[in-house]
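What follows is a single structure, and I will ask about it in a moment.
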Amino acid sequence: MTVAARLHQDITPDGSDYETVRRVIEMITQDYRSQPTLDRLAADLGQSPSQLQKVFTRWAGLSPKAFLQAVTLDHAKRLLGTEGLPLLDASFEVGYSGPGRLHDLFVTHEAMSPGVWKARGEGLTIRYGYHPSPFGLALIMITDRGLAGLAFDDPSLGKDAFEDMASRWPKARYVEDAAATAPYAARVFDPARWQADEPLNVVLIGSDFQIRVWQALMQIPLARACTYSDLARKIGQPTASRAVGAAVGRNPISFVVPCHRALGKSGDLTGYHWGLTRKRAMLGWEVGQGQA
DNA sequence: AGCAACAAATATC
DNA sequence: GATATTTGTTGCT
């Protein structure tokens with residue numbers, strides 16, 4: 001099966017795969033100490049073990065067991081007491097194979113002038129559309145310069161993706177145009193199309209400081225992680241880690257600007273705007289792509 | 001005033 | 001002793 005065909009299956013319109021995966025992750029992370037078996041997870045979900053195995057591997061490219069190890073990395077890292085070690089190095093210590101040599105999603109970015117940001121998006125026309133993704137229903141926003149926003153709709157979060165995004169640039173004009181955003185959805189979530197010869201154009205709209213943080217984030221390779229203080233050092237303000245945290249959290253283009261790769265210094269997955277479970281899911285998924 | 005932080009100190013098991 | 005919780009400091013919005 002081609003990657004494209006596989007991806008098409010991954011992103012069932014009703015998002016049922018992600019829903020299953022999300023619940024598994026929640027169960028796993030609730031008591032990772034007990035290392036729940038596949039049989040038990042399946043029983044709790046009311047599915048047959050083989051069915052669960054199939055859905056899970058299709059989605060993550062990893063068996064649930066391997067995935068369990070991946071999302072337990074924060075725990076592993078804490079146990080190892082390693083400092084500033086990239087995520088996968090830590091996983092290597094717990095008997096996990098190393099990262100693949102996959103290229104990361106190749107993007108070119110340009111920063112919107114601070115003026116546009118200060119004007120709260122005035123004069124900007126933003127087209128948007130909803131598309132299924134491996135992480136649930138995604139809301140994509142574009143300007144004529146490129147991708148400007150990526151959010152996730154998640155009823156369990158009790159927040160509306162569109163409201164959330166629109167409040168960032170309240171004065172922009174919003175036009176629904178799913179046909180225009182569809183190609184972006186296809187590109188962003190298909191690792192087979194992450195190639196340098198056809199870079200994805202993204203537009204960063206934010207304050208000066210935020211944009212520097214987001215640019216630093218985009219330099220973190222797939223399935224790797226770094227800490228907030230690492231980022232602070234990287235942008236030349238080693239004491240500004242707290243401000244970095246705030247800026248990371250404000251990132252409008254989640255997943256593409258990999259805010260999910262920022263961890264607390266101890267390896268804790270501190271917070272995530274679109275839900276901690278989704279952050280774990282992304283990290284695990286990336287590890288899976290690295291294996292593929 | 002408010003944060004998706006950090007480190008050191010103190011309290012708790 | 002190892003972990004939880006608290007407290008002071010931090011830089012940018």
Side-chain angles (χ1 to χ4, degrees), chain A residues 22 25-26 29-34 71-87 111-122 135-136 149-152 154 156-159 161 163-172 204-220 224-286:
Chain A
R22 187 181 66 77
I25 296 171
E26 260 169 20
T29 50
Q30 255 168 29
D31 56 352
Y32 53 82
R33 269 168 235 275
S34 65
V71 297
T72 312
L73 281 188
D74 49 336
H75 173 62
K77 192 171 173 186
R78 202 178 355 224
L79 282 183
L80 290 166
T82 49
E83 206 170 307
L85 218 52
L87 198 56
M112 254 319 163
S113 67
V116 178
W117 179 70
K118 285 211 187 81
R120 319 226 62 194
E122 180 138 42
F135 310 106
L150 174 52
F152 292 99
D154 193 335
S156 73
L157 241 56
K159 81 172 104 181
E163 286 301 314
D164 192 292
M165 296 307 287
S167 68
R168 293 158 198 251
W169 314 299
K171 300 221 170 132
L204 303 174
I205 310 173
S207 74
D208 220 50
F209 181 81
Q210 287 173 339
I211 285 171
R212 271 187 298 144
V213 172
W214 299 338
Q215 285 172 341
L217 266 176
M218 283 194 284
Q219 290 171 24
I220 309 171
R224 290 287 217 86
C226 77
T227 67
Y228 295 98
S229 44
D230 283 343
L231 285 171
R233 203 166 343 104
K234 195 159 196 162
I235 61 171
Q237 288 170 69
T239 56
S241 54
R242 182 162 194 170
V244 166
V248 170
R250 288 250 147 87
N251 156 42
I253 320 179
S254 67
F255 188 70
V256 174
V257 176
C259 42
H260 54 282
R261 293 182 198 148
L263 310 181
K265 193 155 207 172
S266 66
D268 282 329
L269 272 73
T270 53
Y272 191 64
H273 193 83
W274 305 108
L276 256 185
T277 302
R278 184 170 269 110
K279 184 170 183 174
R280 271 188 259 269
M282 285 178 176
L283 287 167
W285 184 83
E286 291 194 349

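Quick note on labels: first sequence line is chain A, next is B, and so on, each numbered from 1.
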May I have the distance from A/H273 (atom NE2) to B/dC3 (atom P), rounded to whole angstrom?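 Spelled out: NE2 on A/H273 to P on B/dC3 is 12 Å.
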
Is it the case that the side chain of A/N251 and the backbone of A/V257 share a donor-acceptor pair, with hydrogens and angles ignored and the cut-off at 3.5 Å?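 Pair found, side chain donor or acceptor close to backbone of A/V257.
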
Listed by chain and number, what are the side-chain contact (heavy atoms from CB on, under 4.5 Å) partners of A/T239, not counting sequence neighbours?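 Checked A/T239 against side-chain contact (heavy atoms from CB on, under 4.5 Å); zero matches.
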
Once base and sugar-phosphate atoms are separated, protein heavy atoms under 4.0 Å mark nucleotides 7-12 of chain B, 5' to 3', with B, S and - as S-----

Partner set under side-chain contact (heavy atoms from CB on, under 4.5 Å) for A/R233, not counting sequence neighbours: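 Here the qualifying residues are A/D230, A/P238.
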
List for me each residue that meets salt bridge (Lys or Arg N to Asp or Glu O under 4.0 Å) alongside A/R168, sequence neighbours excluded, and say none if there are none.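 A/R168 satisfies salt bridge (Lys or Arg N to Asp or Glu O under 4.0 Å) with A/D164 once adjacent residues are dropped.
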
With A/T270 via side chain to side chain donor-acceptor pair (under 3.5 Å) - residues at least two apart: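 So A/T270 forms a side chain to side chain donor-acceptor pair (under 3.5 Å) with A/Y228.
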
Annotated protein contacts, base or backbone, on nucleotides 6-13 of chain C with a non-hydrogen cut-off under 4.0 Å, one of B, S, - each: ---BBBSS

Using the test side chain to side chain donor-acceptor pair (under 3.5 Å), find all partners of A/S229 that sit at least two apart in sequence or belong to another chain.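 A/S229 satisfies side chain to side chain donor-acceptor pair (under 3.5 Å) with A/T227 only.
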
Can you list the residues that meet the side chain to side chain donor-acceptor pair (under 3.5 Å) rule with A/R22, with sequence neighbours excluded?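 Per chain and number, A/R22 pairs via side chain to side chain donor-acceptor pair (under 3.5 Å) with A/E19, A/E26.
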
Whole angstrom is fine here: how far is it from CH2 in A/W214 over to P in B/dA4?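 Distance, rounded to whole Å: 14 Å.
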
Gap between atoms CG and C1', on A/D230 and B/dA4 respectively (whole Å):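 These atoms are roughly 16 Å apart.
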
Holding to side chain to side chain donor-acceptor pair (under 3.5 Å), I want the full list of residues that pass it with A/E122, two or more places apart in sequence or in another chain.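 A/E122: no side chain to side chain donor-acceptor pair (under 3.5 Å) contacts found.
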
Side-chain donor or acceptor of A/K279 paired with backbone N/O of A/A262 under 3.5 Å: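 Yes; at least one donor-acceptor contact below 3.5 Å.
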
Pairing residues for A/A281 by the side-chain contact (heavy atoms from CB on, under 4.5 Å) criterion, not counting sequence neighbours: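 Applying side-chain contact (heavy atoms from CB on, under 4.5 Å) to A/A281 gives A/Y18, A/I25, A/W59, A/F135.
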
Length of the line joining A/N251:CG and B/dC3:P, which is rounded to integer Å: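 Checked: the CG to P distance equals 18 Å.
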
Output the pairing pattern of DNA chain B as a dot-bracket string, 5' first, Watson-Crick or G-U wobble with both distances under 3.5 Å, | for cross-strand pairs, [ ] for crossing pairs. |||.|||||||||

Which residues share a side-chain contact (heavy atoms from CB on, under 4.5 Å) with A/A216, sequence neighbours left out: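 Scan of A/A216 (side-chain contact (heavy atoms from CB on, under 4.5 Å), adjacent residues dropped) gives A/L231, A/K234, A/I235.
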
Quickly work out the A/K279 NZ to B/dA4 C1' distance and round it to whole Å.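 Distance check: A/K279 NZ to B/dA4 C1' gives 6 Å.
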
